[in-house]
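Presented below is the structure to which this report refers.
Residue numbers start from 1 in every chain, and the chains themselves are labelled A, B, ... in the order their sequence lines are given, proteins ahead of strands.
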2 protein chains.
Amino acid sequence: MGIMKIKEVSAKFNVPADTLRYWERVGAIPPVNRNAAGYRDYDDEDIDWITFAKCMREAGVSIEYLIEYITLFKQGDATLQARKDLLHEQLDTIAQRLHEIQHTYDLIKDKADHYEAHVEGYRGKLLQ
Amino acid sequence: MGIMKIKEVSAKFNVPADTLRYWERVGAIPPVNRNAAGYRDYDDEDIDWITFAKCMREAGVSIEYLIEYITLFKQGDATLQARKDLLHEQLDTIAQRLHEIQHTYDLIKDKADHYEAHVEGYRGKLLQ
DNA sequence: TCTTGCCTTGGAGTCGACTCAAAGGTTTAT
DNA sequence: ATAAACCTTTGAGTCGACTCCAAGGCAAGA
């Protein structure tokens with residue numbers, strides 16, 4: 001699967017082609033190889049980076065963070081420790097976000113369950 | 001605790017006063033009572049709404065959704081079912097987001113663990 | 001060959017959600 | 001009583017992350 005054009009990648013990941021170009025332009029993913037015509041030609045490595053970027057973005061990680069990671073990556077093995085630190089930092093942030101969302105989920109679940117029990121003839125009260 | 005001014009509420013929730021005013025202005029929370037001078041005077045009910053709004057925002061729920069919810073709430077008991085539906089909709093979205101973030105967490109954890117094992121003398125490879 | 005469709009870039013526009021500034025009224029501590 | 005620290009509104013500005021547009025090159029089918 002070494003010859004995906006941007007439209008296929010867009011469809012595969014459900015990410016607009018404009019966004020894929022944007023990520024590359026600002027450096028949130030490394031530059032993608034081109035064919036003779038100058039068209040982007042995504043190989044497995046590019047696909048891996050997009051997988052990474054998409055996951056991170058969905059988890060709320062900023063573009064800036066991705067750029068920082070790629071910047072380190074481009075500098076080679078000397079930055080392994082720095083990249084590791086960056087990932088751990090992200091891991092902490094993501095874990096925290098996870099707990100916040102879990103908390104909200106539980107709260108809304110309670111509210112919804114309460115509606116469930118009282119949805120008919122219930123006299124409205126705050127947060128019900 | 002029925003006489004909190006905006007600064008105290010801001011401190012309690014760690015949400016800027018400007019943001020509290022913004023939420024109220026656009027209708028993401030109901031109007032807050034005022035004292036004689038026109039100052040906002042947050043009571044327990046207001047605090048509950050801010051708790052709700054903050055949780056929802058942290059879970060990635062849009063301001064627009066909150067406005068929709070408040071709009072229904074203001075229309076009284078006739079909208080109980082609609083509000084219940086809205087909450088269930090949000091619940092689904094939040095659950096989905098939760099799984100996405102969990103997925104990313106696992107992915108990053110793997111990457112980080114891998115770094116842990118190879119951080120010295122490891123030859124860089126994609127996503128490492 | 002022509003047309004339709006996908007690709008390119010550069011730059012401008014949009015959108016959600018704040019965030020700040022200006023001008024002015026109130027409260028509180030000294 | 002006066003300064004410092006609050007509060008108010010209106011409206012404009014910012015920021016992150018896209019998203020769209022124009023102008024033009026390449027490709028694949030009829």
Side-chain angles (χ1 to χ4, degrees), chain A residues 2-29 31-43 46 49-50 52-71 90 93 97 100-101 104, chain B residues 2-29 31-43 46 49-50 52-71 90 93 97 100-101 104:
Chain A
I3 45 161
M4 289 185 96
K5 278 186 284 186
I6 198 163
K7 207 191 180 189
E8 301 169 73
V9 179
S10 168
K12 176 180 168 70
F13 287 96
N14 199 31
V15 170
D18 268 330
T19 300
L20 294 174
R21 290 193 204 96
Y22 169 73
W23 285 353
E24 185 179 347
R25 180 155 59 97
V26 301
I29 56 170
V32 175
N33 293 320
R34 308 305 181 95
N35 69 14
Y39 289 18
R40 284 173 183 80
D41 193 0
Y42 295 83
D43 64 18
D46 296 319
W49 281 112
I50 289 164
F52 180 59
K54 199 200 173 191
C55 280
M56 293 293 261
R57 291 294 302 123
E58 276 174 358
V61 176
S62 73
I63 292 281
E64 199 183 356
Y65 244 109
L66 294 179
I67 294 171
E68 209 175 324
Y69 189 83
I70 301 293
T71 303
Q90 271 319 298
T93 308
R97 196 170 295 138
E100 281 169 5
I101 296 183
T104 297
Chain B
I3 44 159
M4 288 185 97
K5 278 187 285 186
I6 199 164
K7 208 192 179 189
E8 301 169 73
V9 179
S10 169
K12 177 181 168 70
F13 287 96
N14 199 30
V15 170
D18 269 328
T19 300
L20 294 174
R21 289 193 204 97
Y22 169 74
W23 285 353
E24 185 179 347
R25 179 155 60 99
V26 300
I29 56 171
V32 175
N33 292 322
R34 308 304 182 97
N35 68 15
Y39 287 19
R40 285 172 184 80
D41 194 0
Y42 295 83
D43 64 19
D46 296 319
W49 280 112
I50 289 164
F52 181 59
K54 200 202 172 189
C55 281
M56 293 293 262
R57 290 295 300 123
E58 277 174 357
V61 176
S62 73
I63 291 282
E64 199 183 357
Y65 244 111
L66 293 179
I67 294 171
E68 209 176 325
Y69 188 83
I70 301 294
T71 303
Q90 271 319 297
T93 308
R97 196 169 295 137
E100 282 168 5
I101 296 182
T104 297

Report yes if some heavy atom in the side chain of [X] is under 4.5 Å from a heavy atom in the side chain of [Y]; otherwise report no.
X        : Y         : result
Val9(B)  : Leu20(B)  : yes
Ile50(A) : Val15(A)  : no
Glu58(B) : Ile101(A) : no

To the nearest angstrom, how far is [X] atom [atom1] from [N] atom [atom2]?
X        : N       : atom1 : atom2 : value
Glu64(A) : dC15(D) : CD    : P     : 12 Å
Leu20(A) : dC7(C)  : CG    : P     : 11 Å
Tyr22(B) : dC15(D) : OH    : P     : 17 Å
Asp18(A) : dT8(C)  : CG    : C1'   : 12 Å
Asn14(A) : dT19(D) : CG    : P     : 11 Å
Lys7(B)  : dA4(D)  : NZ    : C1'   : 12 Å
Ile67(A) : dG16(D) : CD1   : C1'   : 11 Å
Ile3(B)  : dC7(D)  : CD1   : P     : 13 Å

Counting heavy atoms from C-beta on, name the nucleotide in dA17(C), dC7(D), dC18(D) closest to the side chain of Ile6(B).
->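 Of the candidates, dC7(D) comes closest.
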What nucleotide among dA17(C), dT9(D), dA17(D) has an atom nearest to a side-chain atom of Arg40(B)?
->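 For the Arg40(B) side chain, the nearest candidate turns out to be dT9(D).
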Give a yes/no on whether any side-chain N or O of Thr19(B) is located under 4.0 angstrom from OP1 or OP2 of dT19(C).
->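 True: Thr19(B) side-chain N/O within range (under 4.0 Å) of dT19(C) OP1/OP2.
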For dA17(D), take OP1 and OP2 only and decide whether either is under 4.0 Å from a side-chain N or O of Trp23(A).
-> no
Above 12 or not: heavy atoms from other molecules or residues under 6.0 Å from CG of Asn35(A)?
-> yes
Give a yes or no on this: more than 12 heavy atoms of other residues, nucleotides or ligands lie within 6.0 Å of atom CD of Glu64(B).
-> no
How does protein contact run along nucleotides 24-30 of chain C, one letter per nucleotide 5' to 3', with B for base contact, S for sugar-phosphate only, - for none, heavy atoms under 4.0 Å?
-> -BBS---
Contact class for Arg34(A) (heavy atom, under 4.0 Å): base, sugar-phosphate, or nothing?
-> sugar-phosphate
With sugar-phosphate meaning primed atoms plus P, OP1 and OP2, does Arg21(A) contact a base, only sugar-phosphate, or nothing at under 4.0 Å between heavy atoms?
-> base
Ala17(B) vs Arg25(A), nearer the 5' end of DNA chain D by closest nucleotide | Ala17(B)
Hey, is Lys12(B) close enough to Glu8(B) for a salt bridge, meaning N to O under 4.0 Å?
-> no
List the atom pairs, donor and acceptor, that lie under 3.5 Å between side-chain atoms in residues 21-29 of chain B and the rest of the protein, sequence neighbours left out.
residue: Arg21(B); atom: NH1; partner: Asp18(B); partner atom: OD1; Å: 3.1
residue: Glu24(B); atom: OE1; partner: Arg40(B); partner atom: NE; Å: 2.7
residue: Glu24(B); atom: OE2; partner: Val32(B); partner atom: N; Å: 3.0

